[in-house]
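Notes to accompany the following structure.
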Amino acid sequence: MTFLEASAWLDQRANLERRMDPAAWTSIKLERVERLCELLGRPQDHGRTVHIAGSKGKGSTAALVAATLTAAGHRTGLYTSPHLVHLRERLQIDGEPIDEATFARLVGERLVPAEAAYNAEGHGDELSFFDLLTALALVWFAEAQVDWIVLETGLGGRLDATNVCRPVVCAITTLSLEHTQFLGATIAEIAAEKAGIIKPGVPIVSACPQPAAAEEVLRATAAERGSRLIWASGVRGVRGGELVGGTRAHEGQRVTIEWDGQPLELTLPLLGAHQVGNAAVARTVLALTNAADGRAAVDRVAVVRGFQGVRWPGRLQIIDHRPWLVLDGAHTPDAAHALRAALERFPHERRWLVVAGARDKNIAGLLRALTPGAAGLIVCGIPGNQRALAAEDLAAAAR
């Protein structure tokens, strides 16, 4: 099997978000992924795992945790979604995506037979694209004998395929209204879905602050499961978190990180005040990995190297300077507010927005958050994307 054949095989599987069918969500049972993993030899039991959920910032937080564990000398697997350019981005070890040959081999030799065995057992639930890709990541990490695995949830938490893991630390980043057709119409309902990753006795780190309704749910769930709830702290912006540096290699914002009782001042390549909060979640998670590891998993040098060396494209990513060209994937009103606040710190005279969006997003809320202060708006579609909102509909919403 070639990589293209393996990718095509996965693409033929059900994709919940492409279907945009809330009824499909309510029928999900995590047992199907657990059975798939049983057929694959329980790859989720290999290595120590950090499991991260949230509405905003979970990918950035996962990248920070993984980069720092790698900087500390630990072989670290990272699983995230979605991808920006190619599917292999979602599966990484020590910052390197899975190669095409390994991807194809694991699909052909492991996933195809496992899915066939699963179907032969007569299960009513079909395995989805994300179920199988998550299993592929776990199998690869087990085969590569990684020390640590950092898993970002795909959608929600309670029913997400990544929730088959056995973590030593869980984390929930900032919560807001998103994917309401699947996760619920209120912050409390969404928080309950995200809190589904909390495991009995496993410490849970939360972004601070959270909306009051979300905080109530997190506190109640942690207490019910005997899990210690820890509010993220220990990172603050320096001089207002302004953009520093003159070249792409050195751009970022200055932050101070508390580690072992001492302050570390460094340049965080991830821009925006919201990334200071994500860094606080990552710092608190990393402090807990030391206790889970039984030895010093991470020291001060690793924190500096990991945080300063993290790369997470598509999040306030600076492409050019004359003029400034910045890419970001904000897709909720809260994320759009954070994006606009960050853009206002750039040294520019006029700000033009080029916007595309999906039909299942709160487009009106996004535009209300993004457009104040903008010189103009250019709207476009996304060719080949089933969920894309037509440019004409975007223009109508903008007007």
Side-chain angles (χ1 to χ4, degrees), residues 15-17 24-26 28-34 36-37 43-44 47-66 76-83 87 89-92 127-138 141 148-184 187 189-199 202-207 210 214 217-218 221-222 225 227 232 277-278 281-282 285 312 315 329 331-332 334-335 360:
N15 187 310
L16 180 64
E17 281 204 63
W25 175 257
T26 59
I28 284 178
K29 295 181 178 63
L30 195 59
E31 287 82 358
R32 74 170 187 242
V33 188
E34 291 172 343
L36 173 62
C37 287
Q44 72 270 34
R48 298 175 177 87
T49 299
V50 175
H51 196 196
I52 302 174
S55 300
K56 303 195 305 290
K58 61 184 185 292
S60 300
T61 302
L64 283 165
V65 171
T76 306
L78 173 64
Y79 179 61
T80 60
S81 60
H83 57 278
L87 181 60
E89 292 172 23
R90 300 191 187 202
L91 295 76
Q92 299 183 22
L127 295 166
S128 72
F129 171 95
F130 193 75
D131 296 339
L132 290 159
L133 191 63
T134 301
L136 174 62
L138 294 172
F141 296 152
W148 284 90
I149 298 169
V150 182
L151 295 178
E152 177 196 3
T153 61
L155 180 62
R158 180 177 64 93
L159 299 175
D160 191 76
T162 60
N163 207 24
V164 298
C165 71
R166 304 292 182 264
V168 297
V169 183
C170 295
I172 295 178
T173 59
T174 305
L175 297 177
S176 63
L177 291 176
E178 41 103 21
H179 294 296
T180 53
Q181 73 274 36
F182 298 118
L183 305 180
I187 287 290
E189 289 174 319
I190 288 171
E193 291 292 330
K194 308 288 186 181
I197 73 167
I198 300 176
K199 304 295 191 301
V202 175
I204 174 72
V205 176
S206 171
Q210 292 280 19
V217 170
L218 295 180
T221 307
R225 297 178 188 174
S227 300
N278 295 332
V281 176
V285 166
W312 199 229
R315 286 78 175 174
H331 58 270
T332 70
D334 285 348
D360 58 329

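All values derive from a computational prediction rather than experimental measurement.
Here the closest non-hydrogen pair linking A232 and A207 is CB-CA, 4.3 Å. In this structure, T49 and R166 approach most closely via the heavy-atom pair CB-O, 4.3 Å. When all heavy atoms of C170 and P167 are compared, the pair lying nearest together is SG-CG, 3.5 Å. Nearest approach of A161 to V33, heavy atoms of both residues: O-CG1, 3.9 Å. Shortest non-hydrogen contact noted between Q92 and F141 is O-CE2, 3.4 Å. In terms of heavy-atom proximity, C37 sits nearest to P43 at O-CD, 3.5 Å.
In this structure, CG in L218 is found 6.0 Å from CD in Q210, a value given to the nearest 0.5 Å. Note that CG of L30 and CD of E34 are 4.5 Å apart. Values are rounded to the nearest 0.5 Å. The OG1 atom of T221 sits 9.5 Å away from the CD1 atom of I204 when rounded to the nearest 0.5 Å. Of the inter-residue distances, the one linking L133 atom CG with L87 atom CG reads 5.5 Å to the nearest 0.5 angstrom. Here OG of S81 is found 11.5 Å from CD of E89. Values are rounded to the nearest 0.5 Å.
Looking at residues two or more places apart in sequence or on another chain, you find no side chain to side chain donor-acceptor pair (under 3.5 Å) involving K58. Listed by chain and number, the residues in a side chain to side chain donor-acceptor pair (under 3.5 Å) with T134 are Y79 (sequence neighbours excluded). Scanning for side chain to side chain donor-acceptor pair (under 3.5 Å) contacts around S60 gives Q275, with sequence neighbours left out.
Listed for the K199 side chain is a donor-acceptor partner under 3.5 Å among the backbone atoms of I197. Checked by atom type and distance alone, the side chain of Q44 never pairs as donor or acceptor with a backbone atom of L138 at under 3.5 Å. For the pair T61 (side chain) and A282 (backbone), a donor-acceptor distance under 3.5 Å is absent. Counting only distance, with no hydrogens or angles, the side chain of T173 and the backbone of K56 share a donor-acceptor pair below 3.5 Å.
V217 is not listed as a side-chain neighbour of K194, based on a closest heavy-atom distance of 4.5 Å or more. No side-chain heavy atom of C165 sits under 4.5 Å from any side-chain heavy atom of I149.
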For this session: Apply the test side-chain contact (heavy atoms from CB on, under 4.5 Å) to residues H51 and N163: give CA-CA distance (whole Å), side-chain angles for both, the deciding distance (0.1 Å), then the verdict.
Result: CA-CA 8 Å; H51 196 196; N163 207 24; 3.5 Å; yes

For this session: With side-chain contact (heavy atoms from CB on, under 4.5 Å) as the test, would you mind laying out the steps for L132 and L36 before giving the verdict?
Result: CA-CA 8 Å; L132 290 159; L36 173 62; 4.0 Å; yes

Exercise. Given the rule in the side chain to side chain donor-acceptor pair (under 3.5 Å) test, do D160 and T162 qualify, once you have shown the distances and angles that lead to the verdict?
Worked result: CA-CA 5 Å; D160 191 76; T162 60; 2.5 Å; yes

Problem set entry | From CA spacing to verdict: side chain to side chain donor-acceptor pair (under 3.5 Å), T332, E178 | CA-CA 6 Å; T332 70; E178 41 103 21; over 6 Å; no

Exercise. Are L78 and T76 close enough, and set up right, to give a side-chain contact (heavy atoms from CB on, under 4.5 Å), and what steps lead you there?
Worked result: CA-CA 7 Å; L78 173 64; T76 306; 5.7 Å; no

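Exactly one of V150, T80, T153, I172 qualifies for a side-chain contact (heavy atoms from CB on, under 4.5 Å) with I52. That residue is V150.
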